[in-house]
Amino acid sequence: MGSAGQSNGTSAPAAVEADGLVMPIIDFGDFLHGDASTKARVAEQVLKGFQDSGFLYLTNHGIPPSTISHVFSQSSQFFARPQSEKDALSWTTPQSNRGYVASGREKVTLADLNDRDEIAKLRASNPDLKESMEIGREGVEGLPNRWPDKIDAAGAAFATDMKAFFLTCKALHGQVMRAIALAMGLRPDFFDGFTDAGDNNLRLLHYPAVLKSVFRHNPDQVRAGAHSDYGSITLLFQDDVGGLEVQSPRGTWVRATPVPGSIVVNAGDLLNRWSNGMIKSTRHRVVQPPAKEGDTSDMFPERYSVAYFCNPNFDRTIEALPGTYATEADKKWESIKSGDYLVMRLAATY
């Protein structure tokens, strides 16, 4: 596996390179603060990363390390709560997509979305080894977030901090979409009216420590099954444990090794559809972390990550973007409302 190669002209260096899969590492500070030509160069790097592999790493993204560390700390404290407290905040419906999801409830899968029996069989035989807390935007009538703010002062602080972090990630989502628009020859603000509502999902993830024998006895066991994301882009914050893998063009699995200070950003199925197939939505999964030299324990360590799933405003219709087709016959997918598409995908997952 290659790492951190040299930039060639306007190309970004590779954070990871193996089996025909290249995940570039891009200094996004140059887009946030650079002049017009610098912004254009970074925008091209972002679009190329999404076209080539669907995955890239962003550094100098504007979110302070202290903010990210605090969110991870709050996440750890939340998942350490008694199971009864977490269950009282449990996830209810795909339309809401808010609340606590206990280990084994979700099964991300590539099974036929309409084959409910197959999905149920997968969930029972090979559940994902994780728990999560799902947070949506505030103020949606009838769909409140499931905060622990009534439990204790720590729960109230958790709610305050996660609301703030949600908005911080929303702002970065808007900037990445501006880079895509610029590189595609659209107005830089083309996507602003598709992202301003913030119909996104902040997911705190905890993969509990697990016996290594679980993976030895079941070669198909994973912490999160192979899948592609549903929306436009995902901002992923990893700890240093590792385990995220991305599928290469050759069908192999390549580790998306954590890079300190970076965010992994990947394109989702709706952006693939929106770009008429120009941008890739690549399958990925979470497996056991890489072996560490001298580790003789019988357990794999717990892992934490934070994913911010970005979506177009739920009331906006998504259809092939200008410049991605010549005639109506060139459009690969019919138009669909963003919210309808997300509910359809979530209904097959839980």
Side-chain angles (χ1 to χ4, degrees), residues 46-55 93-97 106-119 122 136-137 140 143 170 173-174 176-201 225-235 247 249 265-284 307-350:
V46 169
L47 181 60
K48 187 175 189 309
F50 285 144
Q51 289 175 318
D52 290 349
S53 69
F55 271 79
T93 67
Q95 288 76 16
S96 170
N97 194 30
E106 182 191 20
K107 179 61 187 178
V108 287
T109 174
L110 298 172
D112 184 342
L113 295 182
N114 298 312
D115 192 339
R116 305 297 297 176
D117 291 340
E118 177 64 17
I119 293 169
L122 282 167
R137 74 176 171 96
V140 180
L143 301 176
K170 176 178 179 282
H173 170 213
V176 174
M177 297 305 294
R178 280 184 162 237
I180 293 171
L182 181 61
M184 291 185 69
L186 304 170
R187 297 189 326 272
D189 63 352
F190 178 89
F191 292 113
D192 287 7
F194 289 90
T195 63
D196 53 357
D199 283 325
N200 305 322
N201 171 240
H227 66 285
S228 53
D229 289 347
Y230 308 153
S232 52
I233 63 170
T234 301
L235 310 177
Q247 192 169 41
V265 186
N266 63 282
D269 295 341
L270 204 49
L271 186 54
N272 169 250
R273 183 176 181 135
W274 209 355
S275 69
N276 208 31
M278 176 190 296
I279 287 171
K280 292 182 179 177
S281 177
T282 307
R283 296 174 182 178
H284 50 285
Y308 188 76
F309 297 102
C310 305
N311 307 303
N313 298 351
F314 285 168
D315 63 355
R316 295 300 302 264
T317 297
I318 302 305
E319 56 186 346
L321 290 165
T324 64
Y325 62 93
T327 69
E328 289 295 313
D330 296 329
K331 294 182 178 180
K332 297 179 180 179
W333 293 276
E334 295 180 352
S335 62
I336 191 169
K337 191 169 285 189
S338 170
D340 292 344
Y341 180 82
L342 270 296
V343 168
M344 176 184 73
R345 295 297 301 274
L346 287 165
T349 304
Y350 292 90

Inset, instruction - Step by step, work out the side-chain contact (heavy atoms from CB on, under 4.5 Å) result for Thr234 and Tyr308. - result: CA-CA 6 Å; Thr234 301; Tyr308 188 76; over 6 Å; no
Legend entry - Nearest heavy atoms of Phe190 and Pro322, plus distance in Å: CZ-CD, 4.1 Å
Inset, instruction - Determine the minimum heavy-atom distance between Phe50 and Ala267, stating which atoms define it. - result: CE2-N, 3.8 Å
Inset, instruction - First locate atom CZ of Arg273, then atom OG of Ser281, and finally report the distance between them rounded to the nearest 0.5 Å. - result: 12.5 Å
Legend entry - Main-chain N/O of Pro94 paired with Asn97 side-chain donor or acceptor, under 3.5 Å: no
Legend entry - Distance-minimising heavy-atom pair for Leu235 and His173: CD1-N, 4.4 Å
Legend entry - Partner set under salt bridge (charged side-chain N to carboxylate O under 4.0 Å, His left out) for Asp192, not counting sequence neighbours: Arg178
Inset, instruction - Would you check, one step at a time, whether the test side-chain contact (heavy atoms from CB on, under 4.5 Å) holds for Gln51 with Ser275? - result: CA-CA 10 Å; Gln51 289 175 318; Ser275 69; over 6 Å; no
Inset, instruction - Measure the CD-OG distance between Glu319 and Ser335 for me, rounded to the nearest 0.5 Å. - result: 5.5 Å
Legend entry - Check: Gly268 main-chain N/O paired with Asn272 side-chain donor or acceptor under 3.5 Å: no
Inset, instruction - Begin from the C-alpha positions of Asn266 and Asp229 and carry the test side-chain hydrogen bond (donor to acceptor under 3.5 Å, both in side chains) through to its verdict. - result: CA-CA 8 Å; Asn266 63 282; Asp229 289 347; 3.0 Å; yes
Legend entry - Inter-residue atom distance Phe314.CZ - Gln95.CD, 0.5 Å rounding: 10.5 Å
Inset, instruction - Step through the shown structure and confirm whether more than 12 heavy atoms of other residues, nucleotides or ligands are within 6.0 Å of NZ on Lys331. - result: yes
Inset, instruction - Please confirm whether the backbone N or O of Ile318 pairs with a side-chain atom of Lys337, one donor and one acceptor, at under 3.5 Å? - result: no
Inset, instruction - Determine yes or no for a side-chain-to-main-chain donor-acceptor pair under 3.5 angstrom, with Asn276 supplying the side chain and Tyr325 the backbone. - result: no
Legend entry - Short side-chain to backbone donor-acceptor contact, Ser338 and Pro312, under 3.5 Å: yes
Inset, instruction - Any chance you could lay out the side-chain contact (heavy atoms from CB on, under 4.5 Å) test for Thr324 and Met184, step after step, and finish with the verdict? - result: CA-CA 9 Å; Thr324 64; Met184 291 185 69; 3.7 Å; yes
Inset, instruction - Would you confirm whether Ser96, through its side chain, and Thr93, through its main-chain N or O, come within 3.5 Å as a donor-acceptor pair? - result: no
Legend entry - Approximate separation, where rounding is to 0.5 Å, of Asp196 CG and Asp189 CG: 11.0 Å
Legend entry - Qualifying residues under salt bridge (charged side-chain N to carboxylate O under 4.0 Å, His left out), relative to Asp199, sequence neighbours excluded: Arg137
Legend entry - Pair Asn201-Asn311, side-chain donor/acceptor within less than 3.5 Å: no
Legend entry - Pro188 to Leu182 - nearest heavy-atom pair and separation: CG-CD1, 4.3 Å
Legend entry - For His284, all residues meeting ring-ring contact (aromatic ring centres under 6.0 Å, His included), sequence neighbours excluded: Phe55, His227
Legend entry - Parallel, tilted or perpendicular: ring planes of Phe191 versus Phe194, cut at 30 and 60 degrees: perpendicular
Legend entry - From CZ (Arg283) to CG (Asp269), nearest 0.5 Å: 10.0 Å
Legend entry - Spatial distance of atom CG (Leu270) from atom OG (Ser228) [nearest 0.5 Å]: 11.0 Å
